[in-house]
Amino acid sequence: MIHISTHSIFDGNIKNDLYENTEPNPFSFYGYTKYLGEKNIIFNTDNFTILRFPYIYSNNFKNPRNILTKIFSDINNGNVNIFKKERSSLISVKSAVKTIDDIILNNAKGIYHASDIGTFDWLELIKFISKILKKKIKINFKNIEKHKKYTVLKSYNCFYGYNSWKNGVRETFKIKQL
């Protein structure tokens, strides 16, 4: 059994990288339900793989779950709002699929974190994308969270870092522009 989980099982209050042995502390209902799913799997079987992903992106901008969809739309409109003070990780769908493939091929069991290489904050990501798209934008900080969150996934295991997030995002927007 391979269970796809999320970095949302962590509240972002730990100022260090989040490894597989970091104690979860969900702050949202979504994170809490994913954490309950993980606990249920661990309690009921030894034959499992739990794979935790950070923010996932692809070149499918019709998918509202793609974190780049709204950013792309906002940049094209010239006005972007930032709501979060957060340093986190990204993973492309391509890297996520490669991770799952490697887990299956290696019959890996246990808990794994997977992300592309590097960390980002929302301002950095938006500026990076606007530069790729050669768009001038106005950035607004709206109802910004009071404290900075840190949700960077790292791994003690080998299913990590197939690509850098910057290369992945750059490739995504090259494909999108075709």
Side-chain angles (χ1 to χ4, degrees), residues 2-39 42 49-59 65-72 80-103 108 110-132 139 141-173:
I2 298 176
H3 173 74
I4 305 299
S5 193
T6 174
H7 72 294
S8 294
I9 65 164
F10 302 106
D11 63 12
N13 290 326
I14 297 173
K15 302 300 178 214
N16 299 315
D17 296 337
L18 303 167
Y19 288 89
E20 290 87 352
N21 64 349
T22 303
E23 187 65 34
N25 186 25
F27 70 95
S28 69
F29 182 73
Y30 172 72
Y32 179 71
T33 60
K34 288 300 243 181
Y35 178 55
L36 288 179
E38 286 188 16
K39 286 174 57 172
I42 292 167
T49 303
I50 294 172
L51 185 55
R52 295 175 182 152
F53 289 138
Y55 293 103
I56 300 175
Y57 67 93
S58 75
N59 64 340
R65 303 291 296 170
N66 179 356
I67 69 151
L68 299 184
T69 298
K70 179 142 177 41
I71 294 171
F72 178 69
V80 180
N81 296 322
I82 296 177
F83 297 93
K84 293 183 177 184
K85 288 171 112 178
E86 178 182 23
R87 177 139 305 269
S88 194
S89 308
L90 288 169
I91 191 166
S92 68
V93 167
K94 184 178 177 180
S95 293
V97 168
K98 174 74 173 137
T99 302
I100 293 167
D101 189 44
D102 282 349
I103 283 172
I111 299 173
Y112 298 91
H113 288 181
S115 70
D116 287 333
I117 298 167
T119 66
F120 79 98
D121 68 31
W122 294 101
L123 179 61
E124 178 183 12
L125 178 62
I126 290 163
K127 284 182 174 182
F128 184 76
I129 295 169
S130 65
K131 185 176 178 182
I132 290 169
I139 299 173
F141 296 91
K142 298 270 186 162
N143 300 322
I144 201 86
E145 295 172 347
K146 294 195 186 322
H147 69 284
K148 189 171 186 169
K149 292 186 177 190
Y150 192 87
T151 57
V152 174
L153 290 185
K154 293 287 178 91
S155 181
Y156 289 122
N157 304 303
C158 60
F159 305 111
Y160 176 78
Y162 294 104
N163 196 2
S164 77
W165 74 262
K166 286 185 177 183
N167 285 340
V169 168
R170 193 178 292 112
E171 290 167 11
T172 296
F173 281 97

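Any value given below was found using the heavy atoms of this structure, including those in side chains, with hydrogens, waters and symmetry copies removed.
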Legend entry - With Asn163 via side-chain hydrogen bond (donor to acceptor under 3.5 Å, both in side chains) - residues at least two apart: none

Legend entry - Verdict with supporting geometry, Ile111 and Ile42, side-chain contact (heavy atoms from CB on, under 4.5 Å): CA-CA 10 Å; Ile111 299 173; Ile42 292 167; 4.0 Å; yes

Legend entry - Ile82 and Leu123: CA distance, side-chain angles, deciding distance, side-chain contact (heavy atoms from CB on, under 4.5 Å) verdict: CA-CA 7 Å; Ile82 296 177; Leu123 179 61; 3.8 Å; yes

Legend entry - Flag side-chain contact, heavy atom, 4.5 Å: Ile71 against Ile126: yes

Inset, instruction - Decide yes or no on side chain to side chain donor-acceptor pair (under 3.5 Å) for Tyr150 and Asp17, but give the supporting numbers first. - result: CA-CA 8 Å; Tyr150 192 87; Asp17 296 337; 2.6 Å; yes

Legend entry - Any side-chain heavy-atom pair of Phe141 and Ile139 under 4.5 Å: yes

Inset, instruction - Calculate, to the nearest 0.5 Å, the distance between atoms CD1 and NZ belonging to Ile132 and Lys127 respectively. - result: 14.5 Å

Legend entry - Tyr57 side chain reached by Val169 side chain, heavy atoms, under 4.5 Å: yes

Inset, instruction - State, with a plain yes or no, whether a side-chain heavy atom of Glu86 is found less than 4.5 Å away from one of Trp122. - result: yes

Inset, instruction - Report the C-alpha separation of Tyr156 and His113 in whole Å, then their side-chain angles, then the decisive distance to 0.1 Å, and conclude whether the ring-ring contact (aromatic ring centres under 6.0 Å, His included) test is met. - result: CA-CA 8 Å; Tyr156 289 122; His113 288 181; 8.9 Å; no

Inset, instruction - Mind checking ring pair (Phe, Tyr, Trp, His ring centres under 6.0 Å) for Tyr32 and listing every partner two or more places apart, or none if nothing turns up? - result: none

Legend entry - Nearest heavy atoms of Ile9 and Gly31, plus distance in Å: CG2-O, 3.5 Å

Inset, instruction - Using the test side-chain hydrogen bond (donor to acceptor under 3.5 Å, both in side chains), find all partners of Lys70 that sit at least two apart in sequence or belong to another chain. - result: Asp74

Inset, instruction - Can you measure from CD1 (Ile91) to NE2 (His7) and round to the nearest 0.5 angstrom? - result: 12.0 Å

Legend entry - Nearest-0.5 Å distance that lies between atom CG in Leu18 and atom OG in Ser115: 10.5 Å

Inset, instruction - Kindly indicate whether the side chain of Ile14, heavy atoms from C-beta on, has any atom under 4.5 Å from the side chain of Thr22. - result: yes

Inset, instruction - Identify whether NZ of Lys or CZ of Arg in Lys149 sits under 6.0 Å from the centre of the six-membered ring of Phe10 and within 45° of that ring's axis. - result: no

Inset, instruction - Could you tell me whether a side-chain N or O of Asn59 sits under 3.5 Å from a main-chain N or O of Thr172, the two making a donor and an acceptor? - result: no

Inset, instruction - Give a yes or no on whether the backbone of Leu153 and the side-chain of Ser89 come within a donor-acceptor separation of less than 3.5 Å. - result: yes

Legend entry - Ser95 and Asp116: CA distance, side-chain angles, deciding distance, side chain to side chain donor-acceptor pair (under 3.5 Å) verdict: CA-CA 7 Å; Ser95 293; Asp116 287 333; 2.6 Å; yes

Inset, instruction - Find out whether Thr33 and Tyr35 are in side-chain contact, i.e. whether some heavy atom of one side chain is under 4.5 Å from a heavy atom of the other. - result: no

Legend entry - Stepwise side-chain contact (heavy atoms from CB on, under 4.5 Å) test for Asn81 and Phe83: CA-CA 6 Å; Asn81 296 322; Phe83 297 93; 3.7 Å; yes

Legend entry - Non-hydrogen atoms of Ser58 and Val93 that approach each other most closely: CB-CG2, 3.6 Å

Inset, instruction - Before giving the answer on side-chain contact (heavy atoms from CB on, under 4.5 Å), spell out for Ile4 and Ile100 the whole-Å C-alpha distance, their side-chain angles and the decisive distance to 0.1 Å. - result: CA-CA 10 Å; Ile4 305 299; Ile100 293 167; 4.0 Å; yes

Inset, instruction - Please answer whether the main-chain N or O of Ala114 pairs with a side-chain N or O of Thr99 as donor and acceptor at a distance below 3.5 Å. - result: no

Legend entry - Close side-chain approach of Asp102 and Tyr162, heavy atoms under 4.5 Å: yes

Inset, instruction - Using a strict cut-off of less than 4.0 Å between a Lys/Arg side-chain nitrogen and an Asp/Glu carboxylate oxygen, indicate whether Arg87 and Glu124 qualify as a salt bridge. - result: yes

Inset, instruction - Could I get the full list of side-chain hydrogen bond (donor to acceptor under 3.5 Å, both in side chains) partners for Asp101, not counting sequence neighbours? - result: none

Legend entry - Leu68 side, atom CG; Ile129 side, atom CD1 - distance, nearest 0.5 Å: 5.0 Å

Inset, instruction - Determine yes or no for a side-chain-to-main-chain donor-acceptor pair under 3.5 angstrom, with Ser155 supplying the side chain and Tyr112 the backbone. - result: no

Inset, instruction - Could I get the full list of ring pair (Phe, Tyr, Trp, His ring centres under 6.0 Å) partners for Phe128, not counting sequence neighbours? - result: Trp165

Legend entry - Student check: side-chain heavy atoms of Leu90 and Phe120 closer than 4.5 Å: yes

Legend entry - Pairs satisfying salt bridge (Lys or Arg N to Asp or Glu O under 4.0 Å), at least one member in residues 28-38, at least two apart: Glu38-Arg52

